[in-house]
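As structure tokens, the structure follows; a few thoughts come after it.
In what follows, every heavy atom counts, from backbone to side chain, and hydrogens, waters and symmetry copies are set aside. Here the structure is a predicted model, which is why all the values come from computation and not from measurement. In each ligand, atom 1 is the first atom listed, and ligand 1 is the first ligand listed.
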Amino acid sequence: MKKYSIVIAGGGSTYTPEIVCTLLADLDRLPLRAIKLYDNDEERQNKLAKACEILVKEKDPSIEFVATTDPEKAYTDVDFCLAHIRVGKLPMRELDEKIAARHGVVGQETCGPGGLTYGMRSIPGVLENIDYMEKYSPNCWMLNYSNPAAIVAEACRRLRPHAKVINICDMPIGLEDSIASIAGLKDRKQMDVRYYGLNHYGWWCDVRDKEGNDLMPKVLEYMKDKGFVSPDMLEANQEPSWYDTYYKARDSVALDPTLIPNSYFKYYYFPDYVVSHQNPEYTRANEVMDKREKDVFSACAQIEKNGTSKGSYLEITNHATFIVDLAVALAFNTHERMLLIVPNNGAILNFDPDAMVEISCIVGKNGYEPLSFGRIPTFQKGMMEQQVACEKLVVEAYIEKSYNKMWQAYTLNRCVPSASVAKELLDEYIVANKDYWPELK
Ligand code: NAD
Ligand code: G6P
Ligand code: MN
């Protein structure tokens with residue numbers, strides 16, 4: 001049987017160890033001959049690489065392990081690139097969030113002006129990795145988590161339209177476990193769902209158990225009170241900022257009680273609430289640097305020091321499971337229904353065919369086939385039109401190096417109150433991103 005070769009791009013990411021663990025736990029589903037880590041920051045990647053090598057060798061010493069900053073070595077002879085790069089790393093995320101928050105605007109990684117700013121920074125990093133892949137392994141698939149996924153996906157559509165890249169998000173996957181729990185099922189795999197929208201901007205319009213019974217009424221009724229806080233979710237095990245996001249979904253359901261909203265609508269429906277609850281001096285980037293980053297790096301340091309993974313703890317989440325499921329679907333033609341960010345092309349009838357939408361697709365050896373959604377309601381269509389225009393404007397601003405298009409992108413965003421605030425933000429972001437953005441004219 002064929003054995004596959006994988007490169008993880010953004011090897012120094014906090015998510016790398018859990019993806020390596022998941023790949024190793026799933027060798028019966030996806031047999032491997034090589035796992036490579038690639039990053040452009042050797043020092044950071046080295047904090048994780050030795051531990052990952054130990055994990056691989058403990059499981060199957062015949063699997064080749066490579067950690068490198070050399071793109072040719074990384075991308076030669078690979079079948080899948082699992083990508084999760086963060087251009088500018090967490091200190092730039094911190095600036096994205098804090099510059100917005102200090103102007104009294106939502107300060108968030110992918111939503112609002114911080115997300116648009118991150119988009120402009122991310123585009124060249126992702127394109128660079130796609131180009132390495134196409135040069136050294138033209139048959140490889142890139143499964144890409146790199147954020148902000150909506151803008152990254154639009155940049156792929158415009159600038160690398162024939163590249164074998166599939167952009168994905170783990171948020172709906174996590175929320176589907178809550179939905180399953182609310183419906184009294186074991187996990188998300190007990191359901192068939194239909195979902196449409198943009199990345200971090202979509203809705204479930206149909207949720208059924210495997211017998212075809214409609215679960216939407218029961219789930220929506222529950223969510224009116226508790227949002228995504230499911231019966232088995234213990235508050236003590238949640239980081240407070242995420243707990244708040246799950247709970248706040250109750251208000252999003254109140255606005256439209258017919259569809260199940262992505263939890264990210266907190267930022268777009270209720271930006272005033274978010275602003276009044278955020279601390280401009282300590283944002284989510286700080287929480288991540290103080291917790292997830294420290295936890296992952298110290299677990300890896302311990303494995304390296306002990307020379308064994310025995311007694312160490314690395315958390316595995318559905319983030320890793322989903323990307324490995326996608327590789328399995330492509331490799332083995334499973335025709336699993338999966339949520340992907342793809343060109344609309346008529347899947348949503350009354351929406352721009354050139355928009356990158358996040359919709360349920362069937363995945364097999366030849367890629368994906370989107371489900372068809374017909375006409376969507378006026379509210380969802382209007383929301384999506386405004387947001388997709390922001391995302392397209394960032395990519396146009398990148399291509400044309402246009403100051404005005406970037407200013408328009410901020411102005412059009414639901415989280416930004418006026419063109420004058422948008423301009424103040426843009427001018428500060430330009431200075432903060434001078435090492436990353438093209439010079440805008
Ligand atoms: P991180 O900062 O811990 O790691 C990112 C790594 O990418 C760093 O080691 C950095 O050096 C590397 N990198 C930056 N530019 C690069 C380039 N051009 N080539 C190769 N490597 C490069 O970040 P994290 O918190 O682990 O998150 C990683 C990424 O995954 C982020 O973009 C994050 O937003 C994204 N993410 C997406 C989803 C999703 O739903 N799509 C879910 C979780 C995380
Ligand atoms: C979810 C989203 C990702 C986002 C992440 C942020 O998983 O789908 O797109 O990157 O949340 O999580 P963090 O813990 O870094 O704030
Ligand atoms: Mn996401």
Side-chain angles (χ1 to χ4, degrees), residues 7-19 36-49 67-71 74-75 81-94 96-97 107-111 114-115 118-119 121-133 142-153 166-175 197-202 238-239 241-242 245-246 262-264 267 283-297 300 315 317-320 322-323 326 339-341 358 435-436:
V7 61
I8 300 180
S13 155
T14 54
Y15 294 98
T16 293
E18 69 165 289
I19 291 181
K36 310 198 224 182
L37 308 189
Y38 167 69
D39 205 290
N40 61 5
D41 179 343
E42 186 168 23
E43 195 187 330
R44 185 179 174 92
Q45 180 165 264
N46 279 345
K47 293 183 184 173
L48 308 172
T68 181
T69 53
D70 174 357
Y75 278 100
C81 170
L82 313 185
H84 52 206
I85 67 165
R86 183 189 290 287
V87 177
K89 291 170 273 194
L90 287 160
M92 286 307 295
R93 172 179 181 175
E94 185 182 7
D96 291 344
E97 293 170 347
Q108 216 277 331
E109 179 196 24
T110 64
C111 302
Y118 183 17
R121 209 167 53 241
S122 224
I123 295 168
V126 171
L127 296 182
E128 173 186 278
N129 277 273
I130 293 173
D131 292 345
Y132 292 141
M133 174 178 91
M142 179 182 287
L143 314 182
N144 189 30
Y145 266 137
S146 309
N147 263 328
I151 293 168
V152 164
I166 302 180
N167 295 289
I168 52 171
C169 173
D170 65 8
M171 192 74 246
I173 309 311
L175 296 176
L198 310 170
N199 179 239
H200 292 182
Y201 211 93
Q238 299 297 324
E239 291 179 283
S241 51
W242 274 109
T245 295
Y246 296 139
N262 192 301
S263 56
Y264 274 97
Y267 301 103
T283 60
R284 178 66 191 156
N286 298 110
E287 283 183 9
V288 172
M289 288 187 275
D290 288 344
K291 180 133 179 55
R292 186 171 71 237
E293 194 178 35
K294 283 206 168 77
D295 288 353
V296 170
F297 282 165
C300 288
E315 193 187 16
T317 66
N318 44 29
H319 172 88
F322 182 59
I323 198 166
L326 179 54
L339 196 52
L340 311 176
I341 304 165
E358 190 165 303
D435 295 337
Y436 300 98

Seminar exercise, completed: atom 4 (O) of ligand 1 has as its nearest protein heavy atom Ser13 CA, 3.1 Å
Problem set entry | Point-to-point distance, once rounded to the nearest 0.5 Å, from CD1 of Ile8 to CG of Leu143 | 11.0 Å
Exercise. Which parts of the protein, at residue level, reach under 4.0 Å of ligand 2 through a heavy atom?
Worked result: Arg93, Glu109, Asn147, Cys169, Asp170, Met171, His200, Trp242, Tyr264, Arg284, Val288, Arg292
For this session: Specify the protein heavy atom at minimum distance from atom 6 (C) of ligand 1: its residue, its atom name, and the distance to 0.1 Å.
Result: Asp39 OD2, 3.7 Å
For this session: Begin from the C-alpha positions of His84 and Ser146 and carry the test side-chain hydrogen bond (donor to acceptor under 3.5 Å, both in side chains) through to its verdict.
Result: CA-CA 4 Å; His84 52 206; Ser146 309; over 6 Å; no
Problem set entry | Side chain, backbone, both or neither: Arg44 near ligand 1, heavy atoms under 4.0 Å | side chain
Exercise. Under the criterion side chain to side chain contact (heavy atoms under 4.5 Å, CB included), which of Ile166, Ile130, Asn167 is the partner of Met142?
Worked result: Ile130
Exercise. In the protein, what heavy atom is nearest to atom 44 (C) of ligand 1, and what distance, to one decimal place, separates them?
Worked result: Tyr15 CE1, 3.4 Å
For this session: Any atoms of ligand 1 less than 4.0 Å from a non-hydrogen atom of Glu109? List them with their elements.
Result: 33 (C), 34 (O)
For this session: Could you go through the side chain to side chain contact (heavy atoms under 4.5 Å, CB included) check for Gln108 and Asp96 one step at a time?
Result: CA-CA 7 Å; Gln108 216 277 331; Asp96 291 344; over 6 Å; no
Seminar exercise, completed: The side chain to side chain contact (heavy atoms under 4.5 Å, CB included) partner of Met171 among Leu339, Asn199, Asn262 is Asn262
Exercise. When you measure from the side chain of Tyr15 to the backbone N and O of Tyr145, does any donor-acceptor pair fall under 3.5 Å?
Worked result: no
For this session: Verify the distance criterion only: is there a donor paired with an acceptor across the side chains of Tyr75 and Asn129 at less than 3.5 Å?
Result: yes
For this session: Mark up the atoms of ligand 1 that fall under 4.0 Å of a heavy atom belonging to Gly12, in ascending order.
Result: 9 (O)
Exercise. Tell me: protein heavy atom nearest atom 35 (C) of ligand 1, and distance?
Worked result: Tyr145 O, 3.6 Å
Problem set entry | side-chain contact (heavy atoms from CB on, under 4.5 Å) partners for Asp39, two or more places apart | Asp41, Gln45
Exercise. Do ligand 1 and Leu90 have nitrogen or oxygen atoms that lie under 3.5 Å from each other?
Worked result: no
Exercise. What pair of heavy atoms forms the shortest contact from Gly115 to Ile151, and how long is it?
Worked result: O-CD1, 3.9 Å
Exercise. Under 4.0 Å from any heavy atom of Glu128, which atoms of ligand 1 are there?
Worked result: 18 (N)
Problem set entry | Check: Glu97 side chain, Gly114 main-chain N or O, donor-acceptor pair, under 3.5 Å | no
Problem set entry | Residue, atom name and distance, where the atom is the protein heavy atom closest to atom 30 (O) of ligand 1 | His84 CB, 3.6 Å
Exercise. Salt bridge check: are Lys89 and Glu94 linked by an N-O gap of less than 4.0 Å?
Worked result: no
For this session: Could you list which atoms of ligand 1 come closer than 4.0 Å to a heavy atom of Cys169?
Result: 39 (C), 40 (O), 41 (N)
Exercise. Contact between Asn144 and ligand 1, counting heavy atoms under 4.0 Å?
Worked result: no
Exercise. Short question: side chain of Arg44, backbone of Gly12 - any donor-acceptor pair under 3.5 Å?
Worked result: yes
Seminar exercise, completed: If we number the atoms of ligand 1 from 1 as shown, the ones under 4.0 Å from a heavy atom of Tyr118 are 31 (C), 32 (O), 34 (O)
Exercise. Is the shortest N/O to N/O distance between Asn147 and ligand 1 below 3.5 Å?
Worked result: yes
For this session: Could you find the nearest protein heavy atom to atom 14 (C) of ligand 1 and give me its residue, atom name and distance?
Result: Arg86 O, 3.3 Å
Seminar exercise, completed: Nearest non-hydrogen protein atom to atom 42 (C) of ligand 1, with distance, is Asp170 OD2, 3.3 Å
Exercise. Is there at least one pair of N or O atoms, one from Ile85 and one from ligand 1, spaced under 3.5 Å apart?
Worked result: yes
For this session: For Thr14, counting its heavy atoms only, list the atoms of ligand 1 lying under 4.0 Å from any of them.
Result: 3 (O), 24 (P), 25 (O), 26 (O)
Exercise. Can we say Glu293 and Lys47 salt-bridge, meaning some charged N sits less than 4.0 Å from an Asp/Glu carboxylate O?
Worked result: no
Problem set entry | Which of the ligand 1 atoms, numbered from 1, are nearer than 4.0 Å to a heavy atom of Asp41 | 11 (O)
Problem set entry | Interfacing atoms of ligand 1 (cut-off 4.0 Å, heavy-atom, Arg292) | 25 (O)
For this session: Check step by step if side-chain hydrogen bond (donor to acceptor under 3.5 Å, both in side chains) holds for Asp70 and Thr68.
Result: CA-CA 5 Å; Asp70 174 357; Thr68 181; 5.1 Å; no
Exercise. Okay, side chain of Glu18, backbone of Thr317: is any donor-acceptor separation there less than 3.5 Å?
Worked result: yes
Exercise. What do you reckon, does Asn129 have a nitrogen or oxygen under 3.5 Å from a nitrogen or oxygen of ligand 1?
Worked result: yes
For this session: Kindly indicate, with the supporting measurements, whether the criterion side chain to side chain contact (heavy atoms under 4.5 Å, CB included) is fulfilled by Tyr118 and Tyr436.
Result: CA-CA 10 Å; Tyr118 183 17; Tyr436 300 98; over 6 Å; no
Exercise. Given the rule in the side chain to side chain contact (heavy atoms under 4.5 Å, CB included) test, do Cys169 and Glu358 qualify, once you have shown the distances and angles that lead to the verdict?
Worked result: CA-CA 9 Å; Cys169 173; Glu358 190 165 303; 3.8 Å; yes
Problem set entry | Nearest-neighbour protein heavy atom for atom 22 (C) of ligand 1, which is reported as residue plus atom name and distance | Asn40 OD1, 3.4 Å
